[in-house]
Visitor: 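First the structure, which I've put down as structure tokens, then a few questions once you've had a look.
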Amino acid sequence: MFADKVKILKNQIEGLSKQILLIAVSKRESIESIKIAYEMGFQHFAESRLQEALIKQQELNSLNLTWHFIGKLQTNKAKQILLNFTYIHSADSLDILIKLNQLAGDLNLQNKNKILLQVKLAPDDNKSGFLPTDLLNSLVSISELNNLNIIGLMTILPFGLSPASNYELFVELKTLKEKINAEKLSNLNLTELSMGMSGDYPEAIKAGSTMLRLGKAIFLS
Ligand SMILES: *Cc1c(COP(=O)(O)O)cnc(C)c1O
């Protein structure tokens, strides 16, 4: 990690949008690398595997870090994820939302975690997520999950699309958010768009991203 390069990137992004939350995706990165990123001014970190994350959280206990879960949400790990992550970006089905809602009640964590709904905008066998139509059809059921604080939508684009296609898909996510808010359902007023990774963040910013999830751009520079 070259501090100068990362600082330039950080300043560049913050110059484009002051509102944007920069999340350093630290999966597979060492404790040492996370400490260096922290010293460069990153405070939000994202992990995709629970066991790996718990070890890092324990070791980095003394730093004031905010943790985001971005990996596949498995039912049997949902409890530990609720207990150990402030943000959960990867709620990808009604079933897992129902489970989270029930656990949040059981654990007295009502509305504590900030939850985002993962949406699959383009066919991609390797990715999960709500299809936009399925999400729209599930809105009433989702709005009844009173223990959950659902703050926005998240997406991961298929790899290798053109910048123009990336931009179009990101705009689609923003439009979907507006459509959901227009329903005016209780408990469903979304403010966040978690979109943009190392390969596509410029288009995500242009389309209105509020949270960038950057791994390689930070740790491999
Ligand atoms: C790994 C990962 C990222 C970061 O990807 P980079 O290309 O390294 O920036 C962002 N979001 C999710 C969900 C990821 O799994």
Side-chain angles (χ1 to χ4, degrees), residues 1-2 5-10 12-14 16-17 20-30 33-34 36-38 40-54 56-57 65-74 77-78 81 84-93 96 100 113-130 135 150-163 165-167 169-170 173 192-221:
M1 233 191 305
F2 290 99
K5 273 183 142 178
V6 174
K7 280 202 180 114
I8 290 168
L9 171 78
K10 202 163 174 287
Q12 216 174 38
I13 292 171
E14 285 165 352
L16 288 169
S17 169
I20 223 154
L21 180 67
L22 272 181
I23 304 163
V25 177
S26 50
K27 65 181 187 217
R28 294 194 285 269
E29 296 296 335
S30 65
S33 296
I34 296 174
I36 294 170
Y38 176 74
M40 288 178 195
F42 291 94
Q43 197 256 323
H44 288 257
F45 290 86
E47 291 282 333
S48 56
R49 293 170 66 196
L50 177 65
Q51 294 317 319
E52 182 184 335
L54 292 179
K56 289 175 179 173
Q57 289 177 349
L65 307 183
T66 301
W67 292 97
H68 298 244
F69 189 79
I70 58 171
K72 175 78 188 157
L73 265 174
Q74 289 163 304
K77 298 193 174 147
I81 291 167
N84 292 288
F85 293 83
T86 306
Y87 290 81
I88 300 172
H89 292 242
S90 42
D92 59 359
S93 70
I96 195 75
L100 291 171
N113 307 79
K114 298 174 204 282
I115 295 178
L116 294 99
L117 308 173
Q118 183 172 347
V119 178
K120 181 154 81 168
L121 296 167
D124 187 338
D125 290 342
N126 298 316
K127 297 283 180 300
S128 55
F130 285 95
L135 178 55
I150 301 174
I151 62 165
L153 303 179
M154 177 274 230
T155 199
I156 308 169
L157 297 190
F159 185 71
L161 299 177
S162 69
S165 308
N166 289 339
Y167 176 72
L169 290 169
F170 288 140
L173 195 72
E192 306 304 320
L193 289 170
S194 168
M195 57 187 197
M197 306 175 25
S198 298
D200 54 23
Y201 70 86
E203 295 85 52
I205 295 172
K206 246 188 276 170
S209 170
T210 66
M211 298 176 155
L212 294 184
R213 310 179 310 271
L214 300 179
K216 295 189 202 86
I218 294 170
F219 291 101
L220 300 185
S221 69

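Side chains are part of it too, since the values below use all heavy atoms of this structure and drop only hydrogens, waters and symmetry mates. Both ligands and their constituent atoms are indexed starting at 1 by order of listing. Residue numbers count from 1 along this sequence.
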Visitor: With sequence neighbours excluded, give me every salt bridge (charged side-chain N to carboxylate O under 4.0 Å, His left out) pair touching residues 42-52.
Guide: E47-K56, E52-K56

Visitor: Among Q118, R213, K114, which one satisfies side chain to side chain contact (heavy atoms under 4.5 Å, CB included) with H89?
Guide: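 In the set Q118, R213, K114, the residue that makes a side chain to side chain contact (heavy atoms under 4.5 Å, CB included) with H89 is R213.
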
Visitor: Which residue, I150, L116, L21, forms the side chain to side chain contact (heavy atoms under 4.5 Å, CB included) with E192?
Guide: L116

Visitor: Assign the ring pair Y87 / H44 to parallel, tilted or perpendicular, where the plane angle (0 to 90°) is split at 30° and 60°.
Guide: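 Perpendicular, since the angle between the ring planes exceeds 60°.
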
Visitor: What does the contact table look like for ligand 1 (nitrogen or oxygen on each side, cut-off under 3.5 Å)?
Guide:
unit_1, atom_1, unit_2, atom_2, d
ligand 1, 7 (O), K216, NZ, 3.2
ligand 1, 8 (O), K216, N, 2.8
ligand 1, 9 (O), S198, N, 2.9
ligand 1, 9 (O), S198, OG, 2.4
ligand 1, 9 (O), G215, N, 2.8
ligand 1, 11 (N), R213, NE, 2.9
ligand 1, 15 (O), K27, NZ, 2.7

Visitor: So, using ring-ring contact (aromatic ring centres under 6.0 Å, His included) as the criterion, who are the partners of F85 when residues are at least two apart?
Guide: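 F69.
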
Visitor: Suppose we screen for side chain to side chain contact (heavy atoms under 4.5 Å, CB included). Which residues come up paired with K7, at least two apart in sequence or across chains?
Guide: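 Applying side chain to side chain contact (heavy atoms under 4.5 Å, CB included) to K7 gives none.
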
